[in-house]
Amino acid sequence: MGKRTLVTTAWPYANGPLHLGHLAGSCLPADIFARYNRMIGNETLMISGTDEHGTPVSMLAELEDRSPKEIVDEYHEIIKRSLQEVGCSYDIFTRTTTKNHRETAQEFFLRLLKHDFIYEKIMEMAYCPKCKKFLPDRYMEGECPRCGAEGARGDQCDECGRTLDIMELINPYCKHCGTKPEMRKSKHYFLRLTAFQDRLMSWIETNKDLWRPNVYNFTINWLKEGLEDRPITRDLEWGVPVPVKGKEDKVIYVWFEAVIGYISATKQYFAEEGKSEAWRVWWEDPDTETYYFIGKDNIPFHTIIWPAMLLGHGRLNIPTNVLGNEFLNLEGGKFSTSKNRAVWLNEYLKHFDPDPLRYYLSINMPESKDANFTWDEFQRRNNEELVSKLGNFAHRVISFIEKFHDGEIPKPEILDEKDLAMLKEIEISVDITGDSIQNCEFKKAIARVMKLASFGNQYFNEKEPWKDKATSKTTLYVSACIVRSLSILMAPFLPFSAQRLWIMLGYEHSVHEQRWDSAKVHVKSQPIRDVKPLFRIIQGEEIAEQRAKLDR
RNA sequence: GCCGGGGUGGCCUAGUUGGUUAAGGCGUCAGACUCAUAACCUGAAGAUCGCGAGUUCAACUCUCGCUCCCGGCACCA
């Protein structure tokens, strides 16, 4: 009875470790959504992988005098492991350099070619006679025609910020060998985007109320300006070869090829499960819903180009929703992999637990506007909210039971008005939190979880079980019901702590296997165990140490 | 220059079908409590919702102009 739900995240680029921006804008919201979908009984598949082709990887390889393969092998492992450690529950996290992906991408290319949605056209491009290769814009430098700065790149001058056409550079030279490039003709393949203009437009309009305004508006404006066909091949060595006889020296351009990873990853997952045809239902059955969690920089690729490719292919589902997030900033500035200005996830995990970060990024998620990560705020959110509000409530209830009720959750006696109101409040929180996640309003959802913890603290204070021995059993019973519910509601956001809390309450198995609505079920009278605080306080020195790294 | 997003109490943030006392957190001040990782709970002070004009019985919310901030402007994904 559950819906089939495919959840995808942006494919992290394998030229560096994963930083907090990727997590906040794509992996984490997708993970919360996927975990929730599993809990409401939807058949859920969460997929992604590293994007490993493209110019930045080959540039980094040259810089470090290593092969592109070595680079991507290293970062794929680092990224995959840190995602796993931070609790992102991918069913598969693959990469774009697999044989399966290459073949899938090539098949896709050929199919569009056959349908005449891909055609050839001659382009003029810069060529270095000494290196004997065509130069991507970034491989060429020269003098900026506007500000005169040396070392302006072919696509942009870093000095004055002006975007450049490669032809405009004064005294251009090959970044690699310094030779002056010449212009040469090269035949490339173009994606006939213009053929999809009308179909995309009417499709987008049907999504007006469902999609986030930023995604909808951005897309509709792009379409209104009119689509242009785009070249999708390059004269490079690092990439998926064009599968046409005599054209093997060209590669399919990354943005065209990487999105096909969504399909190749699905195929790979089911192939490994021994069900090689099972992927089809996830792409061909119109009842399957597909959700894409991406950063705003990726919006046009997922709302225009990828849908156009899917339409051109035929028979494949176009996105149900594209959740474009804004950016996470770092201490007021931008995250940047190439400038090494970032908080790296793998570094973070050496010092702190995953859940405080997941909490911070959930409650500060850049859903509708840019958000900010600061270490001070991270410490405050952890110490004052996770530890003091949520963790404290759970701990005060459980340790009270341990000390004053022989370590066993008491049976209720007479439920008074406050007790009943509190129990009712649990049900309301379960519904509101669930609906919010369903609508991809994750900030609102986690805020409601915290609010339930506040209600719990309030209730506990008012009932004063330490004084009022007569009603103490009932109070602790109701409180334990809240804690039990919290443990389930926390699960998509704080999977590790949720599980620990679940075990403390005396349950077996996994909280992640519980149905969402079972958060309304009352607690059973059973022994608690392993009582200890759920979260730890983060000291000022730890924060100072991390912040110092950024100043270097 | 063009396009997009944003300017809400000292700080961070919520607030789209326009409608009674603009919400929450932090910080500040006061109080209560002691089960709890000195945590929790209650109360108070504090906002002419960037500026100006317009539409309206009524605008933070719609329209126009202005100002300031941020991002994008395509082969970087």
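Chain letters run A, B, ... following the sequence lines, proteins first, then strands; residues in each count from 1.
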Tell me the interatomic distance from [X], atom [atom1], to [N], atom [atom2], rounded to whole angstroms.
{"X": "Phe535(A)", "N": "A36(B)", "atom1": "CZ", "atom2": "C1'", "answer": "15 Å"}
{"X": "Glu326(A)", "N": "G7(B)", "atom1": "CD", "atom2": "C1'", "answer": "15 Å"}
{"X": "Tyr459(A)", "N": "U42(B)", "atom1": "OH", "atom2": "C1'", "answer": "19 Å"}
{"X": "Lys463(A)", "N": "C33(B)", "atom1": "NZ", "atom2": "P", "answer": "19 Å"}
{"X": "Leu227(A)", "N": "A74(B)", "atom1": "CG", "atom2": "C1'", "answer": "13 Å"}

Can you tell me how far [atom1] in [N] sits from the matching atom in [M], rounded to whole Å?
{"N": "A39(B)", "M": "A23(B)", "atom1": "P", "value": "27 Å"}
{"N": "U16(B)", "M": "C62(B)", "atom1": "P", "value": "9 Å"}
{"N": "A45(B)", "M": "C2(B)", "atom1": "C1'", "value": "47 Å"}

**Fill in**
Out of U37(B), A77(B), A14(B), minimum distance to the side chain of Lys369(A) belongs to A14(B)
**Message:** I want to check a possible cation-pi pair here: Lys296(A) against Phe327(A), using under 6.0 Å from ring centre and within 45° of the ring axis as the test.
**Reply:** yes
Using a heavy-atom cut-off of under 4.0 Å over every strand shown, decide if [X] touches base, sugar-phosphate, or nothing.
{"X": "Lys451(A)", "value": "nothing"}
{"X": "Asn372(A)", "value": "nothing"}
{"X": "Lys443(A)", "value": "sugar-phosphate"}

**Message:** Can you tell me whether the side chain of Asp370(A) and the base of C70(B) have a donor-acceptor pair closer than 3.5 Å?
**Reply:** no
**Item:** Side-chain-base donor-acceptor pair under 3.5 Å for Arg230(A) and C75(B)
**Value:** no
**Request:** Please answer whether C35(B) and Trp466(A) are stacked, defined here as ring centres separated by less than 5.5 Å and planes angled under 30°.
**Result:** yes
